[in-house]
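Below: the structure, in C-alpha cells.
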Amino acid sequence: MSPAQPETLARAAPSRAARGSINVAGIAKTYGATTVLSGLDLAVEAGTFVTLLGPSGCGKTTLLRLIAGFIQPSAGSIAIDGRDMAGLPPQRRPIGMVFQNLALFPHFSVEENVAYGLRLRNVPESELRRKVGTFLDLVGLGHLGSRRISQLSGGQKQRVALARSLVLEPSILLLDEPLSALDLQLRKQLQVALKEIQRELGTTFVFVTHDQEEATLMSDRIVVMSAGSIQQYDTPPVIYSQPANLFVAKFVGELNEIPGRIAAVTAGTVEIDGPGGRHALPVNGTRGFSPAPGASCVIGLRPERISILPPDADAGGRIVLPGTVVERIALGPVLRFVLRCGEQRLVAVRLASHGAALPEAGAACRIAFDPADAQIFEPLAPPAAASFGEKP
Amino acid sequence: MTETQPASPAKALLLLPVLVLLGLFFVSVFQLFSNGFADADGWSLRYFRQILNRSDYQVIFARTILSSLTVALLSVALSYPIALLLWRLERWRNTLLIVVLVPWLVSLVVRTYGWLVLLGPKGVINGMLAWTGIIEQPLALMFNDLGIVIGLTHVLIPFAVISILSSLLAIESNLEEASGVLGASRFQTFRRIVLPLSLPGAFTALIVIFLASIGAIVTPIVLGGMSHQFVGSQIYQEVMYTFNLNKAAAWSICLLAISFLSLLLLKAIERRLIGTVE
C-alpha cells in the first residue's frame with residue numbers, strides 16, 4: 001500500500017486528535033434469559049487501535065454492534081467523543097463500519113461505493129471527486145476507481161470497504177472480522193496495511209477478531225473477552241507476559257499448564273506441590289487470585305521459558321525436572337520440542353541456531369525453568385472456560 | 001473447447017428422447033410456416049395480406065399489445081409491494097408465499113369464470129355498488145378490455161411476485177445496515193440500494209408476463225367476449241370454428257413475430273435502464 005500523504009488528511013489531522021474516544025459504562029445485553037454481555041466497562045482513548053478478542057460467542061460482536069447502534073443495550077451507557085449515544089441510530093453516530101461480508105453495493109462502481117456517503121451528505125461534486133480520489137489512493141486503489149465490484153479480488157474489496165467508511169472521516173471505525181474470509185498470505189498483507197492506515201489517519205479503530213495472532217500484531221490495546229465479560233484490557237506485551245487469569249494466558253499465546261496444589265504461602269514465596277516434588281515460586285507470579293494453602297492451582301509456563309539442559313550443565317538456580325524428548329520439530333527459526341516429565345506433557349521452543357546442543361527425539365533430558373518465569377493461576381471453572389452463555 | 005469423451009452407443013441412445021422432441025418441434029414449426037405461406041392453390045401471402053389489411057384485425061393486434069403491456073405493468077406494480085412484504089416478514093414468508101401461489105392449484109378456466117361472477121352486470125361488484133346506491137346503471141366491467149386486463153393480471157401476478165422476491169432475496173443481508181451507517185435514511189436506502197438491486201427481477205417479470213399475456217386465449221374468450229378478441233382467441237376461432245388452418249397459421253406467425261420483436265425491444269430497454277447485470 002502506498003503511503004499516500006494527501007493534503008486533506010494532513011489538514012484534518014489536528015481536529016481529529018480530540019475525536020475518537022469511547023466510554024462504555026456498565027453495558028449489559030440480555031436476550032430473554034440469555035445474558036450476552038454482563039456489565040462491561042471500557043474506556044478507549046482517541047486514536048487507539050483496539051481489538052476485541054475472544055472465542056466465538058464471547059459477546060465481542062454484540063459489543064461492536066452496541067457501539068454501532070444496531071442494537072440497544074439492556075443497561076448501561078455508551079459515549080463517543082464524550083457524547084452519550086443512547087437511542088441514536090447508527091446513521092447519527094460518528095462511526096464507520098466495515099462488515100464481515102464487506103456489504104459493498106454490487107450495482108455501483110468502486111468510485112460510487114466510496115462516494116455513496118458523500119452523496120448522501122450533498123457534498124459538492126468537485127470536492128466529492130477529490131475526496132474519493134484521495135481515499136482510493138490511501139488504500140492503494142487509485143487506478144481501479146471505475147471497476148465494478150464483481151471485477152475485484154478479495155483483498156481489493158476489503159480496501160474498497162475501508163475507503164468507503166474512511167472517506168466520511170468518522171471518529172471511530174468499527175471492523176467486524178473483515179479479514180476472516182481471506183487466505184493467510186493476503187490476510188497478513190492487509191493486517192499491515194490496516195495498521196499503517198490507522199496510524200496515518202489517527203482514527204480510533206475497534207477491530208473484532210478471534211485470532212490472537214492478528215490481535216497481537218495490529219493492536220495498541222487488546223480487550224480479551226470471554227462469556228460476556230472483559231477478562232483483561234491492556235497492551236499486547238502485558239497481556240502476553242502478565243495475563244490476568246488462566247483463560248487469558250491460554251487464549252493469547254501458547255501455555256504449558258502444570259497442575260499443582262498450594263502447600264504453604266510465606267512472605268515472597270508460594271510453595272507448590274507439583275510434578276517433581278515441592279517447588280518454591282515467587283508470590284508475585286500469582287495472577288488474579290490470592291493463594292491459600294490446600295487450594296489447587298495451575299503453574300503456567302510459556303514454551304520459550306522452558307530450557308532443555310545437557311546432563312552435566314549447571315542449573316543456575318533454576319528448577320530442574322527429569323524428562324524425555326518426545327518430538328523435535330524444526331519450524332524455520334525455532335525448534336519446537338514436545339517433552340514428557342512423568343505424566344506431564346510440556347512444549348518448549350528454542351532457537352534453531354542453538355539446535356546443535358539440544359537432544360534428539362527419544363533422548364532423556366533435563367527440563368529447567370526459572371521460578372521467576374512461572375505464573376500461578378487459579379484453575380478454570382469448567383463452564384466458564386467452555387464458551388458462550390449464561391454468566392451467574 | 002472442452003475435451004469430449006468418446007461416444008459410445010449406449011450414450012447415443014440417451015439422446016434419443018431429446019432428438020424425438022426436437023424433431024417434433026421442427027416438424028410442427030415447418031408445418032406452421034408451410035401452412036401460413038400457402039392457400040388452397042399453393043404458395044401465397046394471401047392470408048397475411050388479409051390479416052394485415054383488415055382494420056378490425058388491426059384493432060385486435062393493437063388491443064393484444066396494449067392490453068398485454070398494461071397487464072405487465074400493472075402486475076409488476078401490484079406485486080412489488082407484495083414481494084417487499086414477503087421479503088421483510090421473514091417468519092411468515094413461506095406461509096404467505098403459499099397464499100400467493102394457491103390460485104395456481106385451481107384451473108385457469110375455473111378462475112376466469114370466477115371473475116365472470118364478480119364482474120358481470122349482475123355480478124357481486126355491480127350488485128354491491130348498486131345496493132349502496134353509488135351507481136344506478138351497472139358498470140361495464142367485462143366483455144371489454146378492462147375485463148381482460150383484470151383477468152390476466154390476476155392470473156399472472158404470482159410470476160411477478162416470485163421474480164421480484166427472488167431478486168430481493170439475492171440482496172446481501174447487511175447492505176441496508178451498511179447504507180444506514182453511511183448516513184442513509186430508510187427511504188434513501190430503499191431508493192438507492194434495494195430498488196435498483198431488485199429492478200432486474202421486476203424487469204424479468206415484466207417481460208415474462210407480457211409474453212404470457214400476448215398469447216392468452218382463455219381469459220380473452222371468457223372475459224372479452226366475441227367483440228373483444230385477442231390474437232390468441234382469434235387463432236382459436238380460426239382453428240375451431242372456421243377450420244381455416246392456413247389463416248390460423250398466418251395469425252400464429254404474426255404473433256410469433258410480435259413476441260420476438262417485443263422481446264428484443266424489452267431486452268434493449270432493460271440493458272439501457274439497468275445496465276448489464278452479472
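All values reported here derive from a predicted model rather than from experimental measurement. Just so we're on the same page: letters track the sequence lines, and every chain starts at 1.
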Q.
Would you say that B:V181 contacts A:F70 through its side chain, given a criterion of any heavy-atom pair below 4.5 Å between the two side chains?
A. yes
Q: Please say whether more than 12 non-hydrogen atoms of neighbouring residues, nucleotides or ligands are located less than 6.0 Å from CH2 in B:W104.
A: yes
Which donor-acceptor pairs under 3.5 Å do the side chains of residues 150-166 of chain B make with protein atoms, sequence neighbours left out?
{"residue": "B:T153", "atom": "OG1", "partner": "B:V149", "partner atom": "O", "Å": "2.6"}
{"residue": "B:H154", "atom": "ND1", "partner": "B:W115", "partner atom": "NE1", "Å": "2.9"}
{"residue": "B:S163", "atom": "OG", "partner": "B:G201", "partner atom": "O", "Å": "2.6"}
{"residue": "B:S166", "atom": "OG", "partner": "B:I162", "partner atom": "O", "Å": "3.4"}
{"residue": "B:S166", "atom": "OG", "partner": "B:S163", "partner atom": "O", "Å": "2.9"}

Q: Provide the closest heavy-atom pair for B:L182 versus A:R121 in the form atom of the first, atom of the second, distance.
A: O-NH1, 2.7 Å
Q: Count the heavy atoms of every other residue, nucleotide or ligand shown that sit under 6.0 Å from CD of A:E125, and state whether that count exceeds 12.
A: yes
Q.
Applying ring-ring contact (aromatic ring centres under 6.0 Å, His included), can you list everything that pairs with B:F230, at least two apart in sequence or on another chain?
A. none
Q: For the residue pair B:I193 and A:F108, establish whether any side-chain heavy-atom pair is separated by less than 4.5 Å.
A: yes
Q) What's the spacing between B:L175 CG and A:H107 NE2 if we round to 0.5 Å? A) 8.0 Å
Q. After noting the C-alpha distance and the side-chain angles of B:R192 and A:R119, does the key distance pass the side-chain contact (heavy atoms from CB on, under 4.5 Å) rule?
A. CA-CA 11 Å; B:R192 288 170 186 253; A:R119 290 210 189 284; 4.0 Å; yes
Q) Looking at A:F99 and B:N174, what are the two nearest heavy atoms and their distance? A) CD2-ND2, 3.3 Å
**Q.** Closest contact, heavy atoms only, B:S179 versus A:L120
**A.** O-CD1, 4.5 Å
**Q.** Interchain contact, A:L168 with chain B, by part (heavy-atom threshold 4.5 Å)
**A.** side chain
Q | Under 4.5 Å from any heavy atom of chain B - which part of A:L104 | A | backbone
Q: Measure the shortest side-chain to side-chain distance between B:Q188 and A:Q91 over non-hydrogen atoms and say whether it is less than 4.5 angstrom.
A: no
Q) Between A:R92 and chain B, which part of the residue has a heavy atom less than 4.5 Å away: side chain, backbone, both or neither? A) neither
Q. Between B:P196, B:S185, B:A184, which residue shows the highest count of heavy-atom pairs closer than 4.5 Å to chain A?
A. B:A184
Q: Check the surroundings of atom CD in A:E127: do more than 12 heavy atoms from other residues, nucleotides or ligands lie under 6.0 Å from it?
A: yes
